[in-house]
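What follows is a single structure, written as structure tokens, with notes after it.
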Amino acid sequence: MQLVFHQAALGDFVLALPTLRRLGSQAEAVTLVVPWSHGRVAARLMPEARVLDIEMFEFTRLWSEGGPSTMSPAVAEVFGDVTHVVNFVANAESTWTKNVSRVCGGAPILTVPPRPPHDWTMAVHAWHAEQLAASHVALCPISNETKHGSPLRTDVWQPGAPRRWVIHPGSGGVAKCWPIARYATLRQQLVERGDDAVFLLGPAEVERGVADKLRDQFEDTVNLREIREIDDLFFALNEATHYLGNDAGPTHVAAQLGLPTTALFGPTDPRVWAPVGPRVRVIAPPQPTLITWLTVDALLDQLDVD
């Protein structure tokens with residue numbers, strides 16, 4: 001059994017899935033040890049994998065000297081059945097790595113930095129695959145099945161029909177967020193031409209007061225929906241025909257689920273960080289720059305091409 005530990009941001013985790021699917025397509029099963037929310041995403045996007053919560057006592061104790069002194073039978077069975085560990089969470093010399101080696105009976109630990117070096121110019125999942133290949137881990141060939149998950153919806157939007165946009169205006173990195181006033185202007189134009197638009201706000205956007213900033217832009221009632229749990233994101237995406245957002249976790253989830261996804265880039269390099277999915281449109285400058293490079297009119301011109 002292949003044991004994978006990953007606890008980086010949601011977007012980083014989703015961008016690792018194309019490589020983890022290639023790992024899981026081998027005869028040997030994969031168990032993912034990830035945060036609870038990531039596990040809910042994995043249940044949809046990589047359902048063949050077993051998922052365990054990285055916040056379980058036995059896993060949090062791996063960061064302490066000596067590691068866990070006792071383990072539940074289920075976790076002890078997992079550690080006892082490991083052929084190798086894929087480590088996205090700690091460096092090779094850390095206390096965590098030493099503890100994992102001990103509880104796994106010396107099984108090889110393959111350390112994969114979740115983010116590539118600054119001079120890397122290919123998709124991040126290619127970086128992950130290269131690191132695993134260097135450790136002689138067998139990966140199945142890249143295919144549509146490994147690149148993205150099963151489609152969220154099987155119905156197809158027909159050109160000319162009204163679109164129901166889900167717009168996520170936030171990101172963990174403020175520099176990646178297109179200005180709220182421009183999102184508001186864009187939404188107004190979409191509504192005027194007959195489309196619908198719902199804004200999704202995660203915890204970071206709620207803390208920054210994005211809801212009040214959006215309401216201040218409109219005379220009518222703006223449709224805002226808060227993402228309290230990861231399932232709130234899935235429910236909202238299931239009702240959408242199209243998705244628009246910054247370089248952020250929800251954007252990567254939407255793309256992996258097969259929703260027509262438009263991703264806005266500024267300071268990050270889309271060659272590395274572009275969402276992976278069957279219907280992705282990336283709006284990016286020739287070179288990484290401030291997100292304010294993109295005007296509303298320029299974006300609308302792109303959205304009109306379907």
Side-chain angles (χ1 to χ4, degrees), residues 4 6-18 20-21 24 30-55 125 144-157 162-172 177 183 187 195-207 210-211 214 222-264 273-281:
V4 178
H6 198 298
Q7 62 178 10
L10 177 61
D12 290 347
F13 173 66
V14 174
L15 286 173
L17 288 175
L20 297 182
R21 291 195 195 93
V30 171
T31 294
L32 302 176
V33 184
V34 295
W36 179 87
S37 60
H38 296 23
R40 296 292 293 166
V41 171
R44 301 236 182 185
L45 297 177
M46 192 176 168
E48 67 275 16
R50 180 182 181 184
V51 178
L52 296 174
D53 187 353
I54 203 168
E55 294 301 324
H125 61 81
N144 286 336
E145 288 71 26
T146 63
K147 286 179 67 176
H148 31 78
S150 300
L152 178 69
R153 298 170 58 144
T154 57
D155 58 317
V156 179
W157 172 80
R163 289 178 281 194
R164 180 174 176 82
W165 290 91
V166 162
I167 300 174
H168 178 60
S171 173
C177 296
Y183 270 117
R187 177 260 184 190
D195 288 353
D196 189 15
V198 176
F199 283 99
L200 295 185
L201 305 180
E205 291 73 62
V206 172
E207 289 181 9
V210 172
L214 281 169
V222 60
N223 194 345
L224 303 178
R225 186 176 299 183
E226 185 176 341
I227 305 172
R228 299 176 184 271
E229 302 286 352
I230 195 68
D231 284 340
D232 295 335
L233 174 61
F234 287 121
F235 293 146
L237 296 178
N238 191 48
E239 297 172 355
T241 65
H242 293 74
Y243 175 96
L244 172 67
N246 306 310
D247 174 17
T251 304
H252 296 290
V253 173
Q256 284 274 293
L257 289 169
L259 198 63
T261 298
T262 300
L264 310 184
W273 302 108
V276 179
R279 292 183 282 181
V280 173
R281 175 189 289 128

D195 and H242: CA distance, side-chain angles, deciding distance, side chain to side chain contact (heavy atoms under 4.5 Å, CB included) verdict:
CA-CA 10 Å; D195 288 353; H242 293 74; over 6 Å; no
Write down the atom of [X], the atom of [Y], and the distance for their closest heavy-atom approach.
| X | Y | value |
| --- | --- | --- |
| A236 | R225 | CA-NH1, 3.5 Å |
| V280 | P275 | CG1-O, 3.9 Å |
| A197 | I167 | CB-CD1, 4.1 Å |
| V51 | A42 | CG2-CB, 4.0 Å |
| H168 | G202 | CE1-N, 4.0 Å |

Just verifying a value: how many Å separate [X] [atom1] and [Y] [atom2], rounded to the nearest 0.5 Å?
| X | Y | atom1 | atom2 | result |
| --- | --- | --- | --- | --- |
| H38 | L10 | NE2 | CG | 5.5 Å |
| D53 | R40 | CG | CZ | 12.0 Å |
| N223 | R187 | CG | CZ | 8.0 Å |
| W165 | T241 | CH2 | OG1 | 7.5 Å |
| L264 | R281 | CG | CZ | 11.0 Å |

Do [X] and [Y] have side chains that approach each other closer than 4.5 Å (heavy atoms only, starting at C-beta)?
| X | Y | value |
| --- | --- | --- |
| D12 | W273 | yes |
| P35 | I54 | yes |
| F235 | E229 | no |

Got a sec, which residues hit salt bridge (charged side-chain N to carboxylate O under 4.0 Å, His left out) with R164, two or more places apart in sequence or on another chain?
D196, E239
Applying side-chain contact (heavy atoms from CB on, under 4.5 Å), name anything that partners I227, two or more places apart in sequence or on another chain.
L200, D232, L233
Taking H125 for its side chain and L20 for its backbone only, find out whether a donor-acceptor pair lies under 3.5 Å.
no
Cation over ring face, R44 and F234, 6.0 Å, 45°:
yes
Can you list, pair by pair, the side-chain donor-acceptor contacts under 3.5 Å of residues 245-260, counting residues two or more places apart and other chains?
unit_1 : atom_1 : unit_2 : atom_2 : d
N246   : OD1    : W178   : N      : 3.2
N246   : OD1    : Y183   : OH     : 2.8
N246   : ND2    : P169   : O      : 2.9
N246   : ND2    : G170   : O      : 3.2
D247   : OD1    : H252   : NE2    : 3.1
D247   : OD2    : T268   : OG1    : 2.9
T251   : OG1    : Y243   : OH     : 3.0
T251   : OG1    : N246   : O      : 2.6
Q256   : OE1    : R21    : NH1    : 3.2
Q256   : OE1    : R21    : NH2    : 2.6
Q256   : NE2    : K147   : O      : 2.9
Q256   : NE2    : V276   : O      : 2.9

